[in-house]
Amino acid sequence: MAGGMQIDVAELAGIAAEGVLYGIFLVLDIAALYILVRRRDYHRRINKPMVVAAITMFLLSTAQFVVDTTTVFVGFIAISDRPHRLAYLNDLSEPIFAARHAIYFAMMIVGDAIVIYRCYVVWGHCWKVVLFPILCSLASAACAFQTIWAIRHDGFDAQLELNMGFPIFSLSFGANAVATTLIAYKICMAHQQLKKTMSTAPYRGSLMPTARIIIESGAINTAYLLVYTIVLHNGTNGVQILASIVTPFVGIIFTMVIIRATLVADRKAADSAAMSQNHQMKPRPATIQPITPQGASVLWISTTDNISTEKITVA
């Protein structure tokens, strides 16, 4: 690739940033798994899809860190002179680089799958809503592994990488953007309906903290894909830094959703318990319960990340 930054400099910067992010992700992933497996309500089953996703992200991040560390050791220790080092690092037909790209693309697919799965659950398990994001993600995966096969068998071509890289990340960006937008729309509409329906009765719950957590995570992942696409299109070696940090970065995004949502749920539970205790100490005046409008439906909003479920009545 053309650009002011040499490939060996980008590799060193990438492994340094990846090491820091991998350490952060490791701590967060352990905490998220503890929350998913141990800190659940007695009536709630283990969230198996999110447990599988957390373990998969850990395995992929660890595998990429090992592969990237091996690449740096070979490039900077086994190869002493810089011209041969640059030639080695630019030869993407090497098996170790094929493994790196396969791990990276697998992590990208996992990130897409988590966002699409959340959208699927929020929309009441309606597969038609997520059909377009699924097709975009599958097309992105097909292009990605076709690129790896072509480089391994036909040799590296910078123009091929650019031509195939742009649709790979554009399709993944489209899947994330559409799924995140659908999640935001559904939750915001449910929140507005809730405010109208419950206008005559006190309601202490709110969907917006949960919605904000989900939307922020999807937006950050979408923004990363957009930046990667732009840098790849410009043809600079800075893309190697982004490729090095992607697996721990994606893992941090989605484990933070689990942890932040648990903190929100704990705070709501503590506030509810305190208000219930205060309410029991006061005399109870006669009240008339509001009648649910005829034909109302019940919508369960769940982030699938062990977030406390909000039951709301939507007219």
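Values below: every heavy atom of this structure, side chains too, minus hydrogens, waters and symmetry copies.
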Worksheet item: Are Y22 and F58 near enough that their ring centres are under 6.0 Å apart?
Response: no
Worksheet entry | Validation row: M107, V246 side chains within 4.5 angstrom (heavy atoms) | no
Practice prompt. Using modelled atom types only, decide if a donor and an acceptor are shared between the side chain of T147 and the backbone of C143 within a distance under 3.5 Å.
Written response: yes
Fill in: Backbone N/O of A177 and side chain of T181: donor-acceptor pair under 3.5 Å
yes
Discussion item. Apply the hydrophobic cluster definition, ILVMFWY joined by side-chain contacts under 4.5 Å directly or through others, and give me every member besides V66.
Written reply: none
Worksheet entry | Backbone of A87 reached by a side-chain donor or acceptor of D91 within 3.5 Å | no
Item to complete: Check the surroundings of atom CZ in F132: do more than 12 heavy atoms from other residues, nucleotides or ligands lie under 6.0 Å from it?
Response: no
Worksheet item: Relative to each other, are the rings of Y224 and F249 parallel, tilted or perpendicular (30° and 60° limits)?
Response: tilted
Worksheet item: Mind checking whether Y104 and F169 have ring centres under 6.0 Å apart?
Response: yes
Worksheet entry | Non-hydrogen side-chain atoms of M57 and F25 separated by less than 4.5 Å | yes
Item to complete: Ignoring hydrogens and angles, state whether a donor on the side chain of S244 or E18 is under 3.5 Å from an acceptor on the partner side chain.
Response: no
Worksheet item: Sub-3.5 Å donor-acceptor pair from the side chain of S137 to the main-chain atoms of P133, do we have one?
Response: no
Worksheet item: If you measure only the distance, is there a donor-acceptor pair under 3.5 Å linking the side chains of T255 and D29?
Response: no
